[in-house]
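Only one structure is covered here, and it is reproduced in the block below.
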Amino acid sequence: MFQAPTGTRDFYPAELNRLRYVQDAWRRTSINHGFEEIDGPTFEHLDLYTVKSGDGIVSELFSFERFGGEKTFALRPEFTPTLARMYASRAASLPKPTKWFWMQNCYRAERPQRGRLREFSQWNCDIIGDDSAQADAECIACCVGALEEIGLSPNDVRIRVNNRRYVQNMLRSAGLDETVMDRGLSWLDTYHKLETDAFVKNGQAIGLDSDQAYKISVTLAALAGPNSKWPSDSMLASDAAPGREPIYEPLFKALAAHGLREWCVLDPSIARGLAYYTGMVFEVHEASGAERAIAGGGRYDKLIEMFGGPPTPAVGFGMGDVVLSLVLADKGLMPKDEEVAARLGLNPDALVISNGTPEADGAVAGVVAELRRAGLHARRSYKTTKNIGKLIQDAAKMRARYCVILESAESATVKDMGTQGQEGCGVAELAGRIARR
RNA sequence: GUGGCUGUAGCUCAGUUGGUUAGAGCACGAGAUUGUGAUUCUCGGGGUCGCGGGUUCGAGUCCCGUCAGCCACCCCA
């Protein structure tokens, strides 16, 4: 027997329905928030990915050459480079802001773990051409909208928000050299997984003196991780004080305006690993810290330019299906298989069964065909039993709206599976009787 | 890529110090009660015990390798 390749999944009907359930929430939310769906190729030139992330990325990509060809390609590990490429090539004719969403599979050649596979479904939303804090908040609002749509509450998940410019200022005033700013951000990002001593020691390794590194760890201890919360009024007031660039104040004001106050906290240790984020950054985590990050994103104002477009501000986020599904399962929020199918509109309008007489048996196929021609989802039973009770049980299990019991070639009993009421009906009137009103 | 733990039916798991033809529940299918959704009973299909070697008269059980899953590192676009 062949096995599926490492880190990939087989989707049997129940599993695929669960994926669709998640994707439906993503799509509905995107559309309600005014985003338009786009897509690009599954694979790109390898260079598209190395431009942004350097050659180090190659070992984490599935790359290949066409037999006898010269170009090297790679399966997309993410969508942002494609998006930047697509935007850059039509930038002049696109509206500002442009709001795009995308929902397809990505491929990464990493070692799989819980919450991390080599092929997964990802959802991206991006607002391009708007550098305001309102756009930042609108982006987070869409992300939260999907979480809420799928049944998660502020008790279940936390949106950890930060701004790179703020912590860059903090690092600068602590004496960090501008040339190692990237390493400084990475250092902050490791705060939550290190003991204080190790954290301070690593801070010294990038050139901070131990007092300054320790001071930063004290600041983070008060504000980050489990202690992170919505910023106090006094903190926002001092952030917006005259003579300095306000960073947190406009962001949190915009988040509040979008009704996100109970979802979001300020966590200065969130820096994100990617080099290209320039301002607001955020991550979504399960509230108690279980599982990996559910989603992450931020502002990337230089990226479009890097891909050959005009200087264009942008903000966006990505969410994968893997961790989200684990969190839903952990919390008992993934409905049962039948319920998922029903919510996807996959339950039949009618199950047609026979009363067991040869005449009715012979009429089943024709009745099913007639109902389908009328645009209804009609099924027949494939069971051989003539036990009506068992067949009705079958109808209940597939959540059919009606069970049609053929009594003869012309007449039927129609049972409403919801109300349990039933009545006689001519075969010719069945489609009209069952049609959704 | 490095290290650790685990692999028995579709799922959850039994399987004695190595000993005949590897079991149960659920799920799936058929039948019984001659027509109404959670009942009961009977029967059935399904496993090269992840795969390959080795030790042994004999391996699901012990040893080695390999593959896969999980966990930590790495990375997290």
Side-chain angles (χ1 to χ4, degrees), chain A residues 1-10 12-15 44 48-54 56-61 74-84 102 106-118 120 122-124 126 186 189-190 193-194 270-277 281 283 285 291-298 300 303 316-320 322-323 326 337-338 351 353-357 360 381-407 412-423:
Chain A
M1 289 280 275
F2 289 104
Q3 288 176 314
T6 300
T8 63
R9 292 170 288 178
D10 292 331
Y12 292 87
E15 287 103 50
E44 293 271 10
L48 186 76
Y49 301 116
T50 56
V51 160
K52 179 182 128 194
S53 310
I57 194 76
V58 175
S59 65
E60 285 164 20
L61 296 176
L75 293 177
R76 61 180 169 221
E78 58 165 329
F79 187 65
T80 307
T82 302
L83 175 131
W102 173 86
C106 290
Y107 308 85
R108 297 178 189 174
E110 295 176 297
R111 185 89 170 250
Q113 273 178 44
R114 181 177 175 85
R116 187 171 85 178
L117 297 172
R118 288 183 163 186
F120 54 93
Q122 174 147 320
W123 172 47
N124 279 32
D126 295 273
S186 303
D189 213 43
T190 62
K193 57 169 69 168
L194 293 178
I270 299 292
R272 309 280 300 151
L274 277 304
Y276 62 74
Y277 287 119
V281 286
E283 287 181 6
H285 288 265
E291 309 292 357
R292 294 165 176 278
I294 297 169
Y300 51 97
L303 197 68
F317 71 87
M319 182 186 297
V322 183
V323 176
L326 288 171
D337 292 350
E338 297 78 18
L351 176 71
I353 64 178
S354 152
N355 70 351
T357 61
S381 174
Y382 295 96
K383 292 195 188 306
T384 56
T385 183
K386 298 198 185 305
N387 184 323
I388 300 286
K390 287 263 194 283
L391 294 171
I392 286 181
Q393 194 175 320
D394 217 23
K397 195 177 283 182
M398 64 180 74
R399 297 214 176 185
R401 288 167 54 233
Y402 291 95
C403 185
V404 173
I405 307 162
L406 294 181
E407 308 293 359
T413 302
V414 178
K415 181 183 179 75
D416 183 319
M417 298 298 288
T419 66
Q420 303 197 26
Q422 63 183 47
E423 58 190 27

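A note on names: the letters A, B, ... follow the listed sequences, proteins ahead of strands, and every chain is numbered from 1. Side chains are part of it too, since the values below use all heavy atoms of this structure and drop only hydrogens, waters and symmetry mates.
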- Integer-rounded Å distance: B:C75 P and A:Q113 CD: 13 Å
- Message: I'd like the P distance from B:A27 over to B:C73, given in whole Å.
- Response: 40 Å
- Would you state whether a donor and an acceptor, one from the side chain of A:N387 and one from the base of B:U33, lie under 3.5 Å apart? yes
- Query: Can you tell me how far P in B:U17 sits from the matching atom in B:U61, rounded to whole Å?
  - Reply: 15 Å
- Item | A:Q393 side-chain N/O to B:A38 phosphate OP1/OP2 under 4.0 Å | yes
- Between B:C73 (P) and A:E60 (CD): distance, integer Å: 15 Å
- Task: Could you check whether the rings of A:Y300 and A:Y276 sit parallel, tilted or perpendicular, using 30° and 60° as the cut-offs?
- Result: perpendicular
- Please step through side chain to side chain contact (heavy atoms under 4.5 Å, CB included) for the pair A:L61 and A:Y49, ending with a clear verdict. CA-CA 9 Å; A:L61 296 176; A:Y49 301 116; 4.1 Å; yes
- Message: Please classify the nucleic acid contact of A:L391 as base, sugar-phosphate, or nothing, using heavy-atom distances under 4.0 Å.
- Response: nothing
- Item | Separation between the P atoms of B:U21 and B:C26, rounded to whole Å | 28 Å
- Message: Work out how far the P atom of B:A59 is from that of B:G1, and round it to whole angstrom.
- Response: 35 Å
- Task: Considering only atom C1', compute the distance from B:G23 to B:A32 and round it to an integer number of Å.
- Result: 27 Å
- Message: What is the separation between atom CD1 on A:I388 and atom P on B:U36, rounded to the nearest whole Å?
- Response: 8 Å
- In whole angstrom, give me the gap between the P atoms of B:G18 and B:C11. 29 Å
- Message: Can a side-chain donor-acceptor contact be found between A:Y382 and A:D394 if the only test is distance below 3.5 angstrom?
- Response: no
- May I ask you to decide whether A:R108 forms a salt bridge with A:E78, counting only side-chain N to carboxylate O separations under 4.0 Å? no
- In whole angstroms, the gap separating P of B:C76 from OH of A:Y277 amounts to 11 Å
- Query: Under a 3.5 Å cut-off for both distances, is B:U61 Watson-Crick or wobble paired, and to whom?
  - Reply: none
- Please measure how far the C1' atom in B:C70 lies from the corresponding atom in B:C64, and state the result in whole Å. 23 Å
- Heavy-atom nearest nucleotide on RNA chain B taken for A:G115 and for A:Q122; more 5' hit belongs to A:G115
- Task: Without swapping roles, check the side chain of A:D189 against the backbone of A:A271 for a donor-acceptor pair under 3.5 Å.
- Result: yes
- Item | Separation of B:G1 P from A:L61 CG (nearest whole Å) | 15 Å
- Message: Just to be sure I understand the rule, does A:G7 reach a base, reach only the sugar-phosphate, or reach nothing, if contact means heavy atoms closer than 4.0 Å?
- Response: sugar-phosphate
- Task: Could you tell me whether the phosphate oxygens of B:C28, OP1 or OP2, come under 4.0 Å of any side-chain nitrogen or oxygen in A:K397?
- Result: yes
- Note on the structure: By the Watson-Crick or G-U definition, both distances under 3.5 Å, B:C28 is matched with B:G44
- Scan every strand shown for a Watson-Crick or G-U wobble partner of B:U55, both distances under 3.5 Å, and answer none if you come up empty. none
- Task: Determine the contact category for A:D416: base if any of its heavy atoms lies under 4.0 Å from a base atom, sugar-phosphate if only primed atoms, P, OP1 or OP2 are that close, otherwise nothing.
- Result: base
- Query: Between A:I353 (CD1) and B:U36 (P), how many Å, whole number?
  - Reply: 11 Å
- Donor-acceptor pair under 3.5 Å, A:R116 side chain vs B:C75 base: yes
- Close side-chain approach of A:R9 and A:E15, heavy atoms under 4.5 Å: no
- Task: Indicate, yes or no, whether a donor-acceptor pair under 3.5 Å links the base of B:G35 to the side chain of A:E407.
- Result: yes
- Query: Say you pick atom P in B:G29 and the same atom in B:U34; how far apart are they, in whole Å?
  - Reply: 23 Å
- B:G29 phosphate, OP1 or OP2: any side-chain N/O from A:K383 under 4.0 angstrom? yes
- Item | Nucleotide of B:A32, B:U36, B:C70 approaching A:K390 most closely (side-chain heavy atoms) | B:A32
- Item | Opposite nucleotide pairing with B:C75, Watson-Crick or G-U, both atom distances under 3.5 Å | none
- Note on the structure: Rounded to whole Å, CZ of A:R292 lies from C1' of B:A72 at a distance of 10 Å
- Query: Given B:G29, is OP1 or OP2 found less than 4.0 Å from the side-chain N or O atoms of A:T384?
  - Reply: no
- Query: Which base sits across from B:G7 as a Watson-Crick or G-U pair, both distances under 3.5 Å?
  - Reply: B:C67
- Note on the structure: Taken to the nearest whole Å, CZ/A:R108 to C1'/B:G1 is 18 Å
- Do the side chains of A:N355 and A:T413 get nearer than 4.5 Å, heavy atoms only? no
